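One structure below.
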2 protein chains.
Amino acid sequence: MEAKKTFFNLPEEKQKRVLETALEEFSEKGYEGASINLIVSKLGIAKGSIYQYFTDKKSLFLFIFDYAVELIRKTLKQVKHETKEEPTFERIRRSLLAGVDFIERHPFIYRGYLKMMFEREAPFRQELLQRIRLFSSEYLTSLLLEGREKGEIRKDMNLETMVFLLDAVMDRFLQAYATPYLDSGLNLHRMKRSEIERHVDEIVKLISKGIGR
Amino acid sequence: MEAKKTFFNLPEEKQKRVLETALEEFSEKGYEGASINLIVSKLGIAKGSIYQYFTDKKSLFLFIFDYAVELIRKTLKQVKHETKEEPTFERIRRSLLAGVDFIERHPFIYRGYLKMMFEREAPFRQELLQRIRLFSSEYLTSLLLEGREKGEIRKDMNLETMVFLLDAVMDRFLQAYATPYLDSGLNLHRMKRSEIERHVDEIVKLISKGIGR
DNA sequence: ACCCATTATGACCGTATGGTCATATTAAAA
DNA sequence: TTTTAATATGACCATACGGTCATAATGGGT
């Protein structure tokens with residue numbers, strides 16, 4: 001639907017190189033800012049060639065987006081399954097660490113997501129963002145619901161508000177890890193794993209017990 | 001330093017119109033994406049004219065940035081002073097509502113800040129972001145410190161981590177208010193004031209008592 | 001009425017963009 | 001060796017960008 005058949009006839013490693021190079025460009029410059037000229041020159045192919053693979057810039061973007069979303073979805077699903085029997089706050093802890101690992105493994109995907117969040121220009125931005133945030137909040141909602149049944153999560157407070165708080169803190173934690181100057185002095189950015197884990201522990205404790213009293 | 005004398009000789013209302021129009025363009029498209037051509041055509045002036053006011057795109061951007069930062073700084077300072085005698089969580093509540101009001105009064109400033117946060121292209125981005133986040137986290141730090149003295153804030157937890165959590169939740173709340181599809185189903189975006197206040201109350205309660213037990 | 005400093009103008013420049021297409025190259029089939 | 005279908009190419013197009021500059025319009029002081 002989005003890529004031409006010529007693209008799929010390419011050797012798999014070339015396909016991947018094309019996708020990774022384009023992903024890097026999009027995640028650094030955003031949709032409008034990304035340059036097809038730069039992508040092809042980085043790939044060492046003629047400009048016409050990339051238009052043999054994809055009908056236009058938009059198709060290329062959407063194809064990459066789908067590829068990235070699928071990766072995220074799989075990762076979330078796996079964590080959810082792996083921690084099925086753990087206590088709720090341990091699951092939250094593990095989810096955060098899984099996010100850190102994901103950023104480490106696919107640095108451009110998370111940057112691209114951040115880019116999109118505050119870009120008006122990306123095609124279908126609204127729909128695409130909704131797709132991501134939806135299964136992110138579905139994930140947290142089910143976590144908290146199961147936590148309530150186990151008596152680990154308070155029942156005297158609105159579920160949606162708790163999901164909002166969780167989502168906000170977790171997302172910001174990952175943003176701070178992926179971007180400098182976003183963490184109010186915690187200096188999370190690319191911190192080594194052991195110290196990250198220490199901070200995760202503290203934050204989860206705060207989410208659980210609050211800052212009051 | 002950043003604007004030419006010609007600009008300051010302009011009638012004040014024209015100065016303001018120029019700044020507001022440019023601010024709107026920058027906040028919608030980001031630094032690179034913003035078009036001088038569009039700005040002048042929206043203003044109904046010749047392209048050459050704006051180069052009589054500012055030496056180049058960068059100067060225009062930095063001038064607007066300073067103007068915006070000063071507004072934010074003043075607002076924060078005022079809230080801090082106005083709530084001097086209130087309990088800590090009431091101060092947090094009031095700060096959030098002040099943020100909502102600020103967005104209502106200066107919608108493009110907050111959007112511009114969000115844009116910058118995830119743009120690599122803006123000139124001096126790192127330094128500029130640091131300037132904002134610094135006095136934001138200084139503000140929260142002093143709030144919490146005074147709260148500790150009054151015995152309202154727990155002392156058995158790292159202060160920096162609490163500031164991080166506060167900052168994350170408050171910032172995300174304002175982001176969700178200013179941007180659709182960012183609130184995990186709370187639908188804060190441009191919600192009417194009375195309902196906003198209800199949500200603020202709930203969130204502050206959660207920050208205080210946590211989601212656990 | 002003249003002067004003159006200040007401000008406004010828009011054609012123009014070099015560069016870059018996304019996209020096109022006739023043609024060249026390749027490689028397998030005949 | 002010849003034919004044929006698939007792939008690669010880069011000159012070229014219209015458009016837009018930030019920025020320049022010689023010139024025109026303006027308006028207060030004399």
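Here the structure is a predicted model, which means the values were calculated and not measured. Just so it is clear: chains get the letters A, B, ... in the order the sequence lines come, proteins before strands, and each one is counted from 1.
A search for salt bridge (Lys or Arg N to Asp or Glu O under 4.0 Å) contacts involving A:K57 returns nothing, not counting sequence neighbours. Taking B:F108 as the reference, nothing meets the ring-ring contact (aromatic ring centres under 6.0 Å, His included) condition, with sequence neighbours excluded. A search for salt bridge (Lys or Arg N to Asp or Glu O under 4.0 Å) contacts involving B:D167 returns A:R172, B:R133, not counting sequence neighbours. Partners of A:D66 by side-chain contact (heavy atoms from CB on, under 4.5 Å), not counting sequence neighbours, listed by chain and number: A:E2, A:R131. Under the salt bridge (Lys or Arg N to Asp or Glu O under 4.0 Å) criterion, B:K29 pairs with B:E25, sequence neighbours left out. With sequence neighbours excluded, the residues that form a ring-ring contact (aromatic ring centres under 6.0 Å, His included) with B:F61 are B:F26, B:Y31. Here B:R73 pairs with B:E70 under the salt bridge (Lys or Arg N to Asp or Glu O under 4.0 Å) rule; sequence neighbours left out.
What separates OH of B:Y53 from C1' of C:dT9 is a distance of 11 Å, to the nearest Å. Across the protein-nucleic acid pair, B:L60 atom CG and D:dG18 atom C1' stand 12 Å apart, rounded to whole Å. Distance B:F54 CZ to C:dT7 P: 14 Å, rounded to the nearest Å. Rounded to a whole Å, the CZ atom of B:F26 is 13 Å from the C1' atom of D:dC17. In this structure, the CD1 atom of B:I50 is 10 Å from the P atom of D:dG18, given to the nearest Å.
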Taking distance alone, no hydrogens or angles, what donor-acceptor pairs closer than 3.5 Å link side-chain atoms of residues 158-166 of chain B to residues at least two apart or in another chain?
unit_1 : atom_1 : unit_2 : atom_2 : d
B:N158 : OD1    : B:E160 : N      : 2.9
B:T161 : OG1    : A:E202 : OE1    : 2.8

(request) For DNA chain D, produce a single dot-bracket line, 5' to 3'. Pairs: Watson-Crick or G-U wobble, both distances under 3.5 Å. Symbols: ( ) within strand, [ ] crossing, | other strand, . unpaired. (result) .|||||||||||||||||||||||||||.|
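Aromatic ring centres of B:H106 and B:Y110: separated by at least 6.0 Å.
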(message) Strictly under 4.0 angstrom, non-hydrogen atoms only: write out the protein contact profile of nucleotides 11-30 of chain C, one letter per nucleotide from the 5' end, B, S or -.
(response) ------SBBBB---------
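Across residues 5-13 of chain B, B:T6, B:N9 each have a non-hydrogen atom less than 4.0 Å from an atom of DNA chain C (numbered order).
Among B:E104, B:H199, B:H189, the one residue that satisfies the side-chain hydrogen bond (donor to acceptor under 3.5 Å, both in side chains) test with B:Y177 is B:E104.
Between the A:R93 side chain and the A:V200 main chain, no donor and acceptor come within less than 3.5 Å of each other.
OP1 and OP2 of D:dA6 both lie 4.0 Å or more from every side-chain N or O belonging to A:K4.
Between A:F7 and A:Y53, the ring planes are tilted. Angles from 30° to 60° get that label.
In summary, the side chains of B:N9 and B:T6 do not present any donor paired with an acceptor at a separation below 3.5 Å, with no hydrogens or angles considered.
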Anything under 3.5 Å between a protein N or O and an N or O of nucleotides 28-30 of chain D, put it in a table, one pair a line.
none

